[in-house]
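Take a look at the structure set out below.
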Amino acid sequence: MTPTPEQDFDALVESDQRVEPRDWMPEGYRKTLVRQIAQHAHSEIIGMQPEGNWIGRAPSLRRKAILLAKVQDEAGHGLYLYSAAETLGVDRSELLDLLHAGKQRYSSIFNYPTLTWADMGAIGWLVDGAAIVNQVPICRCSYGPYARAMVRICKEESFHQRQGFEILHTLSHGTPAQHEMAQDAVNRWWWPSLMMFGPPDDQSPNSAQSMAWRIKRFSNDELRQKFVDMTVPQSQVLGLTPPDPDLHLDEETGHWRFGEIDWSEFFAVLKGDGPCNQDRIEHRRRAHDEGAWVRDAASAYAEKHRARSEGVA
Ligand code: BYC
């Protein structure tokens, strides 16, 4: 008997091959991917704001050039991801409209302010570090375009993480005031970074299905634990202390056990009540409106070339 499209799809996923845009896929699979990839793309472009805030105030030309390049990388990641989403039949402008209308999310982490230069270090070390732990498994996600986009993104995130580590290492080993600034940034970014992995497994409505479809390879709690295990030894090299009195090494399992996460803060940020939610989205909408002429000019230019190549003009 010829297999049904659904059986073909299940067999493809089961055998760890990639689903490609023209393959049949369940509507729920397509919708889940659009939600996750769009949220991921939006996070990259909203994530440019907290760091963009420091480009003009970087302490040296070298630091300024590095930060500028990092923020540009994030714009690039947004573009790869919107392109990956477009292979699922949605349009980038449609996704941006949903973001601007508050109907799609971006990562909770970007609703916190960047108060000092040390925050650039903490974002690189902790936020990009968390992003790597979350995104490396997505390189093996069942949907081909998303998995492939993630390969290059992860390589660039590794540079970002190292530059953040280096900023913090320099500050931590500098004057007492610089050390204190670095510790203060770690104090503020530690818990929100743990929240980036999403709600605990027993409150994560999408995990079971996303894992069955092999969009997700590990659960939120598994990745969070992996991140803590990777990061605590690095904090010791930095000479900085995560702000968690309950953090301890479980000798039996080799895992670093951490204290209770304040999930009420996470859900408040998701609802729009984080310290910077309103600023971030207002800034994004304004940038979009002010950039309309650039999109119009690019479209007119592309149209002119198309007409010329077809011999119309
Ligand atoms: N923030 O069932 P769950 C970067 C939502 S950019 C906001 O566990 P899922 C960087 C979730 O969407 C990094 N919302 O969901 C850029 C769901 O919403 P609905 C961005 C969150 O999808 C610039 C609900 O809560 N990375 O690194 O199975 C500079 C229930 O959650 C968050 C990605 O986007 C959150 N933290 O798992 C520097 C990675 N967590 O259904 C750095 C790709 C959960 O109520 N995404 N929600 O609308 C993923 O891996 C998964 O979507 C998540 C969540 C692990 C985040």
Side-chain angles (χ1 to χ4, degrees), residues 28 31-54 67 70-78 80-81 84-85 98-99 102-112 114 119-139 141 143 146-147 149-150 153-154 156-161 163-164 189 191-224 226-227 261 263 265-272 274 277 280:
K31 276 199 176 137
T32 298
L33 279 167
V34 170
R35 175 184 62 79
Q36 180 167 325
I37 301 173
Q39 175 169 327
H40 197 162
H42 299 329
S43 304
E44 296 284 354
I45 55 160
I46 296 269
M48 295 167 73
Q49 291 184 35
E51 291 175 294
N53 180 34
W54 277 92
L67 187 59
K70 178 182 193 285
V71 173
Q72 281 176 344
D73 282 352
E74 279 145 15
H77 298 174
Y80 314 151
L81 287 161
L98 289 168
L99 169 69
K103 292 189 177 146
Q104 280 183 342
R105 300 183 197 283
Y106 58 89
S107 180
S108 50
I109 193 76
F110 300 118
N111 292 306
Y112 293 85
T114 42
D119 288 25
M120 298 304 97
I123 290 184
W125 177 47
L126 294 173
V127 176
D128 288 281
I132 293 169
V133 171
N134 167 272
Q135 290 170 17
V136 165
I138 307 179
C139 299
C141 146
Y143 188 58
Y146 190 26
M150 211 45 64
I153 292 181
C154 284
E156 293 178 350
E157 299 288 19
S158 302
F159 275 112
H160 297 174
Q161 199 258 0
Q163 68 86 39
W189 289 93
W191 292 109
S193 298
L194 297 195
M195 294 174 197
M196 276 178 78
F197 293 92
D201 292 351
D202 58 4
Q203 293 175 57
S204 163
N206 301 297
S207 274
Q209 182 60 76
S210 287
M211 286 179 75
W213 277 328
R214 301 197 184 179
I215 295 172
K216 281 170 100 160
R217 295 281 178 161
F218 297 97
S219 77
N220 299 356
D221 286 334
E222 283 170 335
L223 290 175
R224 195 171 359 257
K226 224 182 241 252
F227 171 69
I261 295 176
W263 289 111
E265 176 180 321
F266 172 77
F267 289 114
V269 171
L270 251 59
K271 248 183 46 216
N277 292 60
R280 299 291 184 238

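Starting from 1, each residue takes its place in the sequence as its number. It should be emphasised that the depicted structure is a prediction, and the values quoted were computed from it without experimental measurement. Note that ligands are numbered from 1 as they come in the structure, with each ligand's atoms numbered from 1 the same way.
The backbone N or O of Gln39 lies less than 3.5 Å from no partner atom in the side chain of Arg105, so there is not a single donor-acceptor pair. Looking only at distances, a side-chain donor or acceptor of Gln49 sits under 3.5 Å from a matching main-chain atom of Arg280. Using modelled atom types, one side-chain atom of Glu222 and one backbone atom of Ser219 make a donor-acceptor pair closer than 3.5 Å.
The residue among Gln49, Arg105, Gln104, Gln161 with a heavy atom at the shortest distance from atom 19 (P) of ligand 1 is Arg105.
Pairing each heavy atom of Phe266 with each of Met195, the nearest pair is CE1-O, 3.5 Å.
Annotation for ligand 1: atoms under 4.0 Å from non-hydrogen atoms of Glu74 are 23 (C), 29 (C), 38 (C). Of all atoms in ligand 1, numbered sequentially from 1 with element shown, those under 4.0 Å from a heavy atom of Asn134 are 39 (C), 43 (C), 49 (C), 50 (O), 55 (C). The atoms of ligand 1 that sit less than 4.0 Å from any heavy atom of Glu51 are 29 (C).
Shortest contact from atom 15 (O) of ligand 1 to any protein heavy atom: Asn206 ND2, 3.4 Å. For atom 47 (N) of ligand 1, the closest non-hydrogen atom on the protein side is Gln39 NE2, 4.0 Å. Of the protein's non-hydrogen atoms, Met196 O, 4.1 Å is the one closest to atom 56 (C) of ligand 1. Protein heavy atom at the shortest distance from atom 37 (O) of ligand 1 is Lys216 NZ, 2.9 Å.
Contact between Gln135 and ligand 1 is present, with at least one heavy atom of the residue lying under 4.0 Å from the ligand. Taking a 4.0 Å cut-off on heavy atoms, Arg35 registers as neighbouring ligand 1.
The N/O atoms of Asn220, backbone and side chain alike, include one that comes under 3.5 Å of an N/O atom in ligand 1.
Counting heavy atoms under 4.0 Å from ligand 1, residue Phe218 does not touch it at all.
Using cut-offs of 30° and 60° for the angle between ring planes, the Phe227 and Phe197 rings count as tilted.
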